[in-house]
Amino acid sequence: MKKLGFLLLEGLLFLVALLPFWVLYGLADVIYVLVHYVARYRRRMVRANLSACFPDMSEKERRAIERRFYRNFADYIVESIKLLHVSDKTMRRHISIEGTENVSAILGEGRSVCCYFSHTFNWEWAPAITLYMPAAVADGELFAQIYRPLRNKEFDALMLKVRSRFGSESISKRTTLRRMIELKRAGILSVTGYMSDQKPSHGDPIHIVRFLGRRTAVITGTETLARRMGQGVVFFDMHKERRGHYRLVIRPMAADASATEQYELTNHYFRLLEEAITRDPALWLWTHNRWKNTPPPQDNEQL
């Protein structure tokens with residue numbers, strides 16, 4: 001019965017995906033009210049994060065960011081569902097991607113590409129990069145994203161279907177290193193996105209940066225893998241031009257990660273991410289406690 005229920009839900013979502021964008025955004029307006037005002041989904045966490053990161057703002061300014069964030073969150077939901085049924089031509093009208101030459105340059109040097117990214121709306125559309133790469137590159141290299149499998153196997157399978165819409169492979173976080181080694185041994189170049197703005201997993205090395213005015217323990221695994229594999233590194237900088245229209249700018253970070261110092265790339269990434277969040281705070285996912293695993297300061301600590 002559980003599996004049947006999920007199949008019915010999947011069918012319903014597919015029917016929703018058939019709707020034009022203007023209808024979907026009408027639905028998003030309803031979702032916004034339900035999530036923000038009725039369910040109050042993680043609203044306490046959102047307010048705590050905004051207050052801690054922007055203490056100099058007035059309460060009115062932070063509430064305005066909060067409302068825009070929940071509107072973006074509602075848009076994210078319907079935009080992600082739309083990936084179940086959307087043409088390449090339509091996607092080109094809704095997202096533009098600049099800086100693909102930075103990816104091509106690294107691939108031209110015979111290196112795979114590590115793409116630092118974050119939970120900035122709408123991150124699910126970033127795999128559309130394959131629509132903007134030269135055909136020879138898009139067909140010859142592996143495009144992928146690292147993800148954490150969901151506990152619910154049915155929903156996990158559905159999200160994998162959504163994320164493979166543009167021909168990219170989803171690689172489980174647990175198997176990332178093994179998969180990168182397999183590709184390198186096979187002589188296959190890859191362009192892989194890493195969501196690197198989450199809190200560190202238990203047992204990860206502790207590295208502290210000053211991020212949004214706060215001491216923050218951050219993920220370093222992305223840098224560790226890129227340096228070990230000698231990959232080139234770029235940053236995905238997402239802009240929301242207007243509702244339903246995004247611009248992804250690919251910014252270079254390092255031609256060869258193995259030539260960088262320890263934590264150099266991690267520090268650089270969080271500076272770039274802070275710039276992006278400060279530019280438009282409502283585009284970042286504020287519903288999670290990314291400072292949960294930050295330990296107390298040590299003696300003589302300098303940031």
Side-chain angles (χ1 to χ4, degrees), residues 24-80 94-95 116-126 148 195-200 207-219 235-249 251 266-297 301 303:
L24 289 175
Y25 287 125
L27 177 60
D29 289 339
V30 176
I31 293 173
Y32 162 69
V33 173
L34 293 176
V35 172
H36 186 206
Y37 293 106
V38 180
R40 298 185 179 185
Y41 174 69
R42 297 195 176 186
R43 198 165 76 174
R44 185 177 298 177
M45 176 60 63
V46 171
R47 291 183 175 180
N49 282 336
L50 289 174
S51 179
C53 292
F54 302 107
D56 296 333
M57 284 187 180
S58 67
E59 191 70 14
K60 181 179 180 180
E61 289 173 315
R62 288 196 293 266
R63 287 290 188 272
I65 293 172
E66 175 189 312
R67 289 190 294 272
R68 288 195 295 112
F69 160 72
Y70 277 104
R71 286 195 177 279
N72 286 330
F73 186 75
D75 286 354
Y76 156 79
I77 293 173
V78 299
E79 288 168 353
S80 298
H94 286 267
I95 183 170
Y116 271 100
F117 198 26
S118 68
H119 290 85
T120 307
F121 298 118
N122 185 343
W123 63 86
E124 299 291 359
W125 283 12
R148 294 185 180 186
M195 305 298 282
S196 302
D197 58 339
Q198 297 164 308
K199 66 181 184 293
H207 178 59
I208 306 294
V209 302
R210 178 65 60 178
F211 175 59
L212 294 173
R214 306 174 69 181
R215 293 180 67 259
T216 308
V218 297
I219 290 177
F235 173 66
F236 278 8
D237 189 5
M238 186 71 87
H239 301 245
K240 188 170 186 176
E241 304 290 273
R242 62 185 190 279
R243 194 175 203 183
H245 294 268
Y246 297 86
R247 178 167 58 92
L248 177 61
V249 180
R251 301 170 63 176
T266 299
N267 294 339
H268 189 189
Y269 164 67
F270 278 95
R271 288 195 300 270
L272 292 173
L273 178 56
E274 184 172 79
E275 290 176 9
I277 293 172
T278 303
R279 182 180 66 232
D280 190 350
L283 283 184
W284 199 47
L285 189 65
W286 292 100
T287 51
H288 293 69
N289 187 357
R290 305 185 191 282
W291 289 270
K292 185 177 181 180
N293 293 348
T294 300
E301 180 180 272
L303 294 179

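On a predicted model such as this, the values are computed, not experimentally measured, just so you know.
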Assign the ring pair Phe121 / Phe73 to parallel, tilted or perpendicular, where the plane angle (0 to 90°) is split at 30° and 60°. perpendicular
What orientation do His94 and His245 show, parallel under 30°, tilted 30 to 60°, or perpendicular over 60°? parallel
With [X], which residues qualify under side chain to side chain contact (heavy atoms under 4.5 Å, CB included), at least two apart?
{"X": "Pro295", "value": "Ile206, Ile208, Ala217"}
{"X": "His119", "value": "Trp123, Met195, Asp197, Gln198, Leu285, Arg290"}
{"X": "Asn293", "value": "Lys199"}
{"X": "Arg47", "value": "Arg43, Arg63, Glu66"}

Heavy atoms, side chains only, cut-off 4.5 Å: are [X] and [Y] in contact?
{"X": "Ser196", "Y": "Phe235", "answer": "no"}
{"X": "Met238", "Y": "Ile95", "answer": "yes"}
{"X": "Tyr76", "Y": "Ile31", "answer": "no"}
{"X": "Val218", "Y": "Phe211", "answer": "no"}
{"X": "Glu275", "Y": "Asp237", "answer": "no"}

Result of checking Lys240, Glu79, Arg67 against Asn72 for side chain to side chain donor-acceptor pair (under 3.5 Å):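 Among Lys240, Glu79, Arg67, the one meeting side chain to side chain donor-acceptor pair (under 3.5 Å) with Asn72 is Lys240.
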Is it true that a side-chain atom of [X] and a backbone atom of [Y] form a donor plus acceptor pair closer than 3.5 Å?
{"X": "Tyr116", "Y": "Leu273", "result": "no"}
{"X": "Arg62", "Y": "Met57", "result": "yes"}
{"X": "Trp286", "Y": "Pro281", "result": "yes"}
{"X": "Arg251", "Y": "Leu272", "result": "no"}
{"X": "Asn49", "Y": "His288", "result": "yes"}

Take Thr287 and Phe69 through the test side chain to side chain contact (heavy atoms under 4.5 Å, CB included) and record every step on the way to the result. CA-CA 10 Å; Thr287 51; Phe69 160 72; 3.6 Å; yes
Run the salt bridge (charged side-chain N to carboxylate O under 4.0 Å, His left out) test against Asp280 and tell me which residues pass, sequence neighbours left out.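 In terms of salt bridge (charged side-chain N to carboxylate O under 4.0 Å, His left out), with neighbours along the sequence ignored, Asp280 is linked to Arg68.
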Any residue meeting salt bridge (charged side-chain N to carboxylate O under 4.0 Å, His left out) with Glu274, in chain and number order, not counting sequence neighbours: none
State, to 0.1 Å, how close [X] and [Y] come at their nearest heavy-atom pair, and which atoms those are.
{"X": "Cys53", "Y": "Trp291", "value": "SG-CH2, 3.5 Å"}
{"X": "Ile219", "Y": "Thr266", "value": "O-CG2, 3.7 Å"}
{"X": "Ile65", "Y": "Leu50", "value": "CG2-CD2, 3.9 Å"}

With a sphere of 6.0 Å drawn around CZ of Arg40, does it hold more than 12 non-hydrogen atoms of other residues, nucleotides or ligands? no
If you count every heavy atom of other residues, nucleotides or ligands that lies below 6.0 Å from Arg279 atom CZ, does the total exceed 12?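 Yes, CZ of Arg279 has more than 12 neighbouring heavy atoms, counting only those of other groups under 6.0 Å.
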Check for me whether Arg71 meets the cation-pi criterion with Tyr32, that is, NZ or CZ under 6.0 Å from the six-membered ring centre and within 45 degrees of the ring axis. yes
Calculate, to the nearest 0.5 Å, the distance between atoms OH and NE2 belonging to Tyr246 and His239 respectively. 13.0 Å
